[in-house]
Structures are given as C-alpha cells and as structure tokens.
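Reading through the structure tokens given below for one structure.
Throughout, residue positions are numbered sequentially from 1 according to the sequence presented. Read the numbers this way: they start at 1 and go in the same order the structure lists the ligands and their atoms.
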Amino acid sequence: MKMTLRWFGSGHDTVTLEQIRQIPGCVGVITTLYDKQPGEVWTREEIRALREEVEAAGLEISGIESVNINDDIKIGLPTRDKYIENYIITLENLAKEGIDLVCYNFMPVFDWTRTDLAKVRPDGSTVLSYDQEIIDKIDPVKMFEEMDAKASGFMLPGWEPERLAKVKELFDKYKDVDEEKLFNNLVYFLKAIMPTCEKYGIKMAIHMDDPAWSVFNLPRIVNNKENIQRLLDAVPVVNNGLTLCTGSLGSNPDNDIPDMIRTFGDRIHFGHVRNLIHHEPGKFDEAAHLSADGSLDMYEIMKAFYDIGFTGPLRPDHGRMIWGEKAMPGYGLYDRALGATYLLGLWEAIVKSNR
Ligand code: DNO
C-alpha cells in the first residue's frame, strides 16, 4: 500500500505540495488537470508540467483523479466515438509521462452528492452530510446552485460550472437512459479503451456511486457487490478495475466492505478510505477516519486491503474541517493528515502482527 493525498493543483488547492511532503509516510499525490472539461484532450506538455511540479516537491504522481467522462459517452450518443478517441489520446499522453492509474466515474449528471457541506459536529468540526429527505424536496435543476453556494467559493470536483450551467438540457439528454443502457455504454467505453490500457499498462479504476443509490431518479450502476462484479466480468481484464471507496459504498449499510475488498482482490487499483456515521436509511454524516468516530470498522477495512496484498495507492478520503482551516469542503489538510497517519498506524500494526 502506498499512502497518498489528493491534490487539486496549485491555483485550486489551499494545500501545498510542501505540506503534503511533510505528512509522514505520504509518498505521492493523486491529482488532475482541474480546468479540463470532460472530453478534452490532455496534452503531453500539460501533463509533463504537472509531473515536474510534483516531482520538484519530492513527491510522485501516484494516479489521476479524475479524467472525467463526457456525458455523450454515458448517454451513448453518436458523438461518443470522438470523445472516446480524445480519451484514448489522453491515456497515451499520461502513459508516456509515466502515469498508469486513472480514476473516473460513470455517474450521470452529478458526481458525488451531499446536502450539507459544513454540518457542525458536537466538537465544533464540520463535515459533509447527506439526507435523502432534503434531496427529495430539491429541484434537481437547483442542485448545482445549492452545492455551489455552499462550497465557500471553491469549485467542487466533478461539479464543473460550465457543464452544470446546462443542467436542464443534461437531464433531458439522459431521459431515455436506464440502468441497462448506462451499463452497456460503460462497457462500450471500456472495450474501446482497453487495448490502449493493456498496451501501456494503464489501470482504469472506476469510482463507486456516491451515495450508493439512485439520486434524482438517474440510473446508477456501480454501488453493490453484484453490479460491480457484473462490470468486472463484462470486461474481464485486470486493467478494468476499481477505486474502492469505503465512504461511497459505506453509505449503504448493506454493503459489507471487507468482504467486497476480498472478493474484488486484484481488480482494486486504488483505495479511498473514509468513515461515516449512519443515522437512518438515506441519512449519514461523514466522520473522522477513526473507527470509533463513525460506523465503519477501519481496522477490518485495512486488514482486508492487507489480505489481498494491495500494493496500489490509497488515500484518506474526505476529512472533517478542523482547527479553523478554510479549504475545499472535505479536502482540508489537517484532518486528512490525521487520517493518513491513523491509517498508516493501522497498517503498520497489521503488517507486524502478521510476521
Ligand atoms: C469527491 C470524490 C469524487 C471522485 C470522483 C471520481 O470528493 O470522491 O469527486 O473524485 O467521483 O471520478
């Protein structure tokens, strides 16, 4: 396991590479070209500049999160082939710069969804939270404005204003896309890019749906053991793999995460580890990484990663906002650094007790 931290790039992130370098045991960043629109080609020069910046700080790029997928691919429009071609060029350019891990998601319209980005916990920290009852009352067209208004001036990952300015049109474009179509469109995309991934050794790591159920009646297909297994079987090459995200899967208490980690084994290329507190079905708050602070057992999760011989990058996912930090919701330095240290502590204990 390789400990990493997500970094949105200078100009977007309040956290610096120099700070990340000082988190003990953190060897790399998971980053992106944050200004790119889904479907745009990433040039080799742009990727190289990013890589050189990260390496100059004594870190590596351990993977990209995300190269986002254009909606035309998810919808299955004839224009998808052009965007897939662009995606392939981006993958080749990444590979030529030594990057071999790409996280992406296949959620229609909205990426991860929350109803509160700064819910106050009893200790004064703030966290992201989700309440299905609130979602049921929101007009989806207003959803972007709501998220944007709560984001303290930060652009949230996967919530590109340019794309979501046309959210009504987007919903219309998805109106005939059910789960089966979305699944087939994902398989079409994967089959088209796999030869390139196999040639260059690129691991594609799909992110789980967050939360792990349909939001605004949009289809969602990557959120439980059965549908994830179906996806792995539909394109049965190791390069078609997963970002195992405990916070996303864990939003549904029926998901047995350690069991899923052991089941998917070497198809897991990237780990997102985060804790949350379940209140009732459809209602949860994010929490500190510590097992005792939430509903997930971090020891069992890390042990499952150990048992599958996981060697890929793993990162503490969303943290609480603590100690007065002002940063992108979920992505402050302090609590994620605490999370990284805690997860590394669990890992050390697991490794040593297995000697
Ligand atoms: C939110 C993240 C997601 C994730 C994408 C992956 O904080 O978990 O935005 O990066 O869904 O494509």
Using a 3.5 Å cut-off on N or O atoms only, is [X] in polar contact with ligand 1?
{"X": "R274", "value": "no"}
{"X": "D317", "value": "no"}
{"X": "N68", "value": "no"}

| said: Please confirm whether the ring centroid of W213 lies under 6.0 Å from the ring centroid of Y130. | reply: yes

| Can the ring centres of H207 and H272 be said to be less than 6.0 Å apart? | yes

Out of all atoms in ligand 1, which are within 4.0 Å of some heavy atom of [X]? Include the element for each.
{"X": "P157", "result": "9 (O)"}
{"X": "M107", "result": "11 (O)"}
{"X": "N105", "result": "5 (C), 6 (C), 11 (O), 12 (O)"}
{"X": "E65", "result": "4 (C), 10 (O)"}

| message | Could you check whether R336 makes a cation-pi contact with Y331, meaning its NZ or CZ is under 6.0 Å from the centre of the six-membered ring and within 45° of the ring axis? | response | no

| Donor-acceptor pair between S10 and Y34 side chains, under 3.5 angstrom | no

| message | Testing the 3.5 Å rule here: is there a donor-acceptor pair between the side chains of Q229 and D233? | response | yes

| request: Give a yes/no verdict on whether any heavy atom in D111 is under 4.0 Å from an atom of ligand 1. | output: yes

| query | Any heavy atom of C103 sitting closer than 4.0 Å to ligand 1? | reply | yes

[atom] [closest protein heavy-atom partner, distance rounded to 0.1 Å]:
{"atom": "atom 9 (O) of ligand 1", "answer": "W112 CD1, 3.1 Å"}
{"atom": "atom 12 (O) of ligand 1", "answer": "S66 OG, 2.6 Å"}
{"atom": "atom 8 (O) of ligand 1", "answer": "H207 NE2, 3.4 Å"}

| query | Does ligand 1 have a heavy atom under 4.0 Å from the side chain of M328, from its backbone, from both, or from neither? | reply | neither

| query | Looking only at heavy atoms, is any part of Y104 under 4.0 Å from ligand 1, and if so is it the side chain, the backbone, or both, or is it neither? | reply | backbone

| request: Look only at the side chain of N275 and the backbone of L296, and say whether a donor-acceptor pair between them is shorter than 3.5 Å. | output: yes

| query | Relative to each other, are the rings of Y306 and W347 parallel, tilted or perpendicular (30° and 60° limits)? | reply | perpendicular

| Do D254 and K225 sit within salt-bridge range, that is, some charged N less than 4.0 Å from a carboxylate O? | no

| task | Enter the distance from L333:CG to Q19:CD here, rounded to the nearest 0.5 Å. | result | 5.0 Å

